[in-house]
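The block underneath contains the structure these notes are about, expressed in structure tokens.
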Amino acid sequence: MLRRDPTYKRVRAGGRDITGRGTYWLADDHLLVVREEGFHERYRRFYLRDIHALVISHTRTGMVINIVLGAVAAFCVFGALTSTPFALISFLLVVAAIAALFLAINVLLGPTCECVMRTAVQTERLPGIGRLRGARKLSAALVKAAGELQRDIPVGAAPPPLPGAPVPVARPPSGFAPVPPLPIRHYHGRAHAIAFTLMLVDSALVLGYALLEYKAIEYLNMALTLVELGFIVAAIVKQQGTDMAAPVRRVLWTTVIYYALGMVAAFVLAIYIGISSGDEVDIENLRPSSHIALFTLYVVSSGYLLAAGLIGWSALIRFRRAQPGATSSASVPGSGKAVDSAPSPVKPSIPQQVPPLPPTDALN
Amino acid sequence: MNAQPLSCPRCHSALGGGLPELCALRRCPACNAGLEVAAFPALFHHGEQGRAGESTQAEGEAACFYHPTKRAAIPCDACGKFLCALCDMEVSGRHYCPTCLESGGKKGKIKTLERARTRHDYVVMSLVLGSVFFWPLAVVLCPVALGLTVKNWSAPPSLVANTKLRLGICAVLAALLLCASAAFWIGLARSN
């Protein structure tokens, strides 16, 4: 077994796709790709000195799956909120919960991609690498291992730029240039801000309904929750591969988990109240005052949404202030002091390892 | 230099530029798809020509088994035949002639040339699962699973999974299912 073989080190990049499973093992001089297809296990070795390039191409499959699952979940929740038969509501909520679970798993797995290995004589699509995270792990492992082995290979002159390709300013320096790390995009969107604002408004509505029990507030609350969930999903999708601060991400994910657990808790509670109260309570027209546990659930919900909204906004403001060029962190003219001295929640930018290119006039 | 330039996996348009330019590429210039390239110096390396076998110089000089006019450079590590530089196949530090390389790869003697193995544990597992879902057939499927377990116990195992452990678990399950199935059929026969 390769796991017990000290010559091989597993690269946790592969996974399962429609046709089978791929696992990646790095030795001193080669990369072993093990592909499980049906009742067979096929091996492919790529010698590190022969590897020319690893190309990762982003795909939109993950985003399409997210949209479809999100639409199914939202449609089922909306259907459950507007239906009256208890059996139908239960069925729709179960379907919504399953769709939400798969959506959460898909979002957790990250964006999708296609990975291609190029050698001198072949261009191979790598099996089992469907997610960007895994592809980047493999890329990092190869950059380290193959880069070390190919250090002594002299780099020839670069080919002339092709039409449509970005025109390089200067020729690359001869000798091995370390491959730069993969970039992290800067986040510019407003989805987080809208989601946190909606959480605060939703908190007030939930508390208002728990205390006043007006039908109008209930309907408004349902509609707002749907919109809020949509913005939370949009924010989670948009923050992937960006420099968005970890506390902001944590608040969003905690809220998703909270909603999933809250849905299950409400469902279980409704069944419990229905069984324990018998004919005393109309199960199809439950109100917060119907049962003390239900009232408590509403109050806890309101409290959570208030806390999550405030914490999220606070983390978002800190993230924005820490950005270079933010007005609050700029020096105040005449004072010589920086206005904001809050610690940056953003990861420091990774230094560019490629040596600076000589100025254009130096080449002429 | 490669005959073909590096290309985008989606639109297959060529990606130009040197090593830093390729590594700094974030989008395909043609289809605008997100792209991340880890390029290595070998991409720009002018490969050396393969060695040609040297011609024999004098009468009685050791010649290649496959090319009598070429000078022998090295013996085959498997069969001992003399080989010229052209016929010498080096795999993991050992030298083979083309015949030994082919037969060694097929028989799995040269480990680094092995390209596939059968997952006997998956086969047995499928039979056990089949006998769970189609339980009336368990009386047939379970003995087959047990027979395959015994037959393939010493077969080359999987490189990534503990084949023997899986085979053992499947054999125990198959035996239990066989007992349960046999008890069911015997009971049914007695009640009738």
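Excluded from the calculations below are hydrogen atoms, water molecules and symmetry mates; all remaining heavy atoms, backbone and side chain alike, are included. Residue numbering restarts at 1 for every chain, and letters A, B, ... go by the order of the sequence lines.
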Margin query: Out of the candidates A:His52, A:Arg49, A:Gln150, A:Arg118, only one should pair with B:Phe40 under the side chain to side chain contact (heavy atoms under 4.5 Å, CB included) rule; please name it.
Written below: A:Gln150

Counting only heavy atoms not in [X], do more than 12 sit closer than 6.0 Å to its [atom1] atom?
X        : atom1 : answer
B:Phe184 : CZ    : yes
A:Lys9   : NZ    : no
B:Asn32  : CG    : yes
A:Phe46  : CZ    : yes

Atom pair [atom1]/[atom2] of [X] and [Y] - distance to nearest 0.5 Å:
X        : Y        : atom1 : atom2 : answer
A:Phe39  : B:His120 : CZ    : NE2   : 11.5 Å
B:Arg27  : A:His58  : CZ    : NE2   : 8.0 Å
B:Glu36  : A:Cys113 : CD    : SG    : 8.0 Å
B:Arg119 : A:Glu41  : CZ    : CD    : 5.0 Å

Is the shortest heavy-atom distance from the side chain of [X] to the side chain of [Y] under 4.5 Å?
X       : Y        : result
B:Leu6  : A:Val55  : yes
A:Leu32 : B:Leu159 : yes
A:Glu36 : B:Tyr122 : yes

Item checked: Heavy-atom proximity to chain A below 4.5 Å, by part of B:Asn162 -> both

Notebook entry, point to check: Where on B:Thr163 is there a heavy atom nearer than 4.5 Å to chain A: the side chain, the backbone, both, or neither?
Noted result: neither

Checklist line | Interchain contact, A:Ser57 with chain B, by part (heavy-atom threshold 4.5 Å) | finding: both

Next item on the list: Below 4.5 Å from any heavy atom of chain B, which atoms of A:Leu142 appear? Answer side chain, backbone, both or neither.
Entry: both

